Amino acid sequence: MKKENIYILGIESSCDDTSAAVLCNNTILSNVVADQKIHAEYGGVVPELASRAHQQNIVPVVHQALEKAGINKDQLSAVAFTRGPGLMGSLLVGTSFAKSLAYGLDIPLIDVNHMQAHILAHFIEEKDHKIPPFPFLAMTISGGHTQIVKVNNHFNMEVIGETIDDAVGEAYDKSGKILGLGYPAGPEIDRRAQLGNPKAFQFTKPKVDGLNFSFSGLKTNILYFVQRQVKTNPNFIEENLNDICASIQFTIIGILMSKLKLAVKETGIKHIAIGGGVSANSGIRKALKDAEQNFGWTSYVPKFEYTTDNAAMIAIVGYLKYLQKDFSNFDVMATARLKI
Ligand code: KG4
Ligand code: ZN
């Protein structure tokens with residue numbers, strides 16, 4: 001007997017991207033993302049503006065996702081949404097919308113942890129994408145998080161290391177601000193890093209025990225360094241921008257890789273997956289490729305589309321939970337601080 005197709009609508013609204021995606025089993029039919037340019041003027045996400053923009057975007061984004069997928073809302077099997085972690089005002093928009101839609105259609109509602117979703121995005125079936133075997137290590141690197149997670153199975157995950165202050169994406173964005181770059185600065189620093197000399201300037205690496213990370217000292221180190229240089233040469237930044245970016249990237253990737261090496265040593269697991277906005281970074285992608293050659297690791301890097309926030313990753317978790325009939329009650333609440 002042929003199995004019936006399962007169609008999941010995923011909704012993501014945890015930060016500043018409003019996204020909706022439709023999945024047929026574990027393949028993507030559509031993944032629509034409306035990012036919010038408004039925050040660039042302020043040099044960071046303004047929660048109240050994000051929440052308002054989600055309210056404006058959510059209906060057209062869901063509509064487009066269904067249209068692109070070529071399915072009717074009555075064909076949906078369930079609605080999956082981001083419960084947390086994230087900005088409360090933003091989460092509330094997606095949560096209320098998902099609840100009303102699932103209730104109206106009389107189909108299951110499925111709540112999803114955003115950080116689990118960054119990891120489980122690897123289970124979306126794609127041409128030429130290999131799916132990691134259990135157990136594997138996942139490093140989630142984004143604007144809000146930096147964690148190393150031991151993934152025992154889809155829903156059994158242990159955080160074995162995390163940042164004690166700033167996230168790695170914040171380190172990129174705050175360094176960019178010091179250098180006068182726009183927000184978010186990660187992609188621009190990455191682009192310039194590929195044109196500069198990574199050994200031009202040296203920044204101190206934080207000393208944090210075990211598998212935890214710290215990035216706030218690096219930001220201060222970069223700030224004082226730049227201030228000192230600008231005193232003697234007011235054009236220092238413009239004249240050395242690519243080299244400064246390359247040196248920052250070299251330091252950050254060095255920190256991430258040294259913690260990953262330690263995690264591999266401690267767990268004996270050599271299957272490494274990355275997720276989150278910073279997993280788009282060329283430096284970490286290259287370092288992982290090199291580690292395959294040098295240390296026999298196997299690395300799993302998401303398609304670009306699934307690195308920054310997106311609803312496809314929410315929908316795949318929805319599908320995996322649907323298979324287990326792990327549905328939510330309609331009184332489920334958005335939760336700003338939600339642990340893996
Ligand atoms: O996962 P994400 O979209 O949102 C959060 O959940 O935070 O990640 C956004 C972060 C920003 O800090 C941005 O600067 C960073 O990802 N980012 C990058 C790159 N692309 C995005 N950082 C370094 N290199 C990149 N290519
Ligand atoms: Zn994210």
Side-chain angles (χ1 to χ4, degrees), residues 10-19 21 31 33-37 39-40 43-45 47 50 54 81-87 90-91 94 112-122 138-147 149 162-163 166-179 181-196 198 215 218-219 245-246 248-257 274-288 301-314 316-317 336-338 340:
I11 293 174
E12 154 65 27
S13 73
S14 65
C15 189
D16 60 341
D17 295 301
T18 319
S19 179
N31 183 34
V33 184
D35 58 3
Q36 304 177 358
K37 302 269 178 281
H39 306 287
V45 178
H54 284 305
F81 70 98
T82 306
R83 177 181 172 193
L87 301 169
S90 293
L91 291 167
V112 173
N113 178 311
H114 180 91
M115 296 314 294
Q116 278 189 356
H118 270 303
I119 296 172
L120 295 175
H122 285 280
M139 185 168 69
T140 52
I141 38 181
S142 73
H145 295 273
T146 307
Q147 295 183 322
V149 183
E162 62 190 330
T163 182
D166 289 352
V168 60
E170 271 181 286
Y172 269 103
D173 297 337
K174 289 177 179 173
S175 305
K177 202 166 182 179
I178 296 168
L179 299 173
L181 303 177
Y183 173 87
E188 175 72 357
I189 294 183
D190 186 14
R191 191 184 66 76
R192 289 183 173 276
Q194 293 169 67
L195 307 170
F215 287 102
L218 176 64
K219 168 193 65 194
C245 289
I248 292 173
Q249 179 135 310
F250 179 76
T251 311
I252 292 179
I253 302 306
I255 296 169
L256 296 177
M257 287 305 291
I274 53 171
V278 183
S279 63
N281 184 269
S282 67
I284 189 70
R285 288 176 176 235
K286 181 171 182 311
L288 285 173
V301 172
K303 222 176 126 183
F304 269 104
E305 180 180 2
Y306 307 140
T307 54
T308 45
D309 291 347
N310 67 86
M313 67 183 197
I314 305 303
I316 189 71
V317 183
R337 291 176 175 275
L338 188 65
I340 269 189

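Keep in mind the model is a prediction, meaning the values are calculated, not measured. Just follow the structure's listing: the first ligand is 1, and inside any ligand the first atom is 1.
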Subject >> R285 to F304, cation-pi by 6.0 Å centre distance and 45° axis angle >> reply: yes
**OP:** Just need the protein heavy atom nearest to atom 15 (C) of ligand 1, so name the residue and atom and give the distance.
**Re:** V278 CG2, 3.9 Å
Original post:
What residues, two or more places apart in sequence or in another chain, satisfy ring-ring contact (aromatic ring centres under 6.0 Å, His included) together with H54?
Top reply: none
Original post:
Considering only protein heavy atoms, which is closest to atom 26 (N) of ligand 1, and at what distance to one decimal place?
Top reply: D190 OD2, 3.0 Å
Original post:
What protein heavy atom sits nearest atom 23 (C) of ligand 1, and how far off is it?
Top reply: N281 ND2, 3.4 Å
Original post:
So, does Q116 use its side chain to make a donor-acceptor pair with the main chain of N113 at under 3.5 Å?
Top reply: no
**OP:** Return the residue, atom name and 0.1 Å-rounded distance of the protein heavy atom closest to atom 4 (O) of ligand 1.
**Re:** D309 OD2, 3.3 Å
Original post:
Relative to the Zn ion (ligand 2), how many protein N, O or S atoms have a separation of less than 2.8 Å?
Top reply: 3
Subject >> Test item, C15 contacting ligand 1 (heavy atom, 4.0 angstrom) >> reply: no
Original post:
For atom 22 (N) of ligand 1, which protein heavy atom lies nearest, and how many Å away is it?
Top reply: G186 CA, 3.4 Å
Original post:
Counting only heavy atoms, which portion of H145 has something under 4.0 Å from ligand 1: side chain, backbone, both, or neither?
Top reply: neither
Original post:
Looking only at atom types and distance, does a side-chain atom of Q194 sit under 3.5 Å from a main-chain N or O of D190, one as donor and one as acceptor?
Top reply: yes
**OP:** Measure the distances from the heavy atoms of R191 to every atom of ligand 1 and state whether one is below 4.0 angstrom.
**Re:** no
**OP:** May I ask you to identify the nearest protein heavy atom to atom 9 (C) of ligand 1, giving residue, atom name and distance to one decimal place in Å?
**Re:** G143 N, 3.8 Å
Original post:
How far is atom 17 (N) of ligand 1 from its nearest protein heavy atom, and which residue and atom name does that atom have?
Top reply: G277 O, 3.7 Å
Original post:
How far is atom 12 (O) of ligand 1 from its nearest protein heavy atom, and which residue and atom name does that atom have?
Top reply: D173 OD2, 2.6 Å
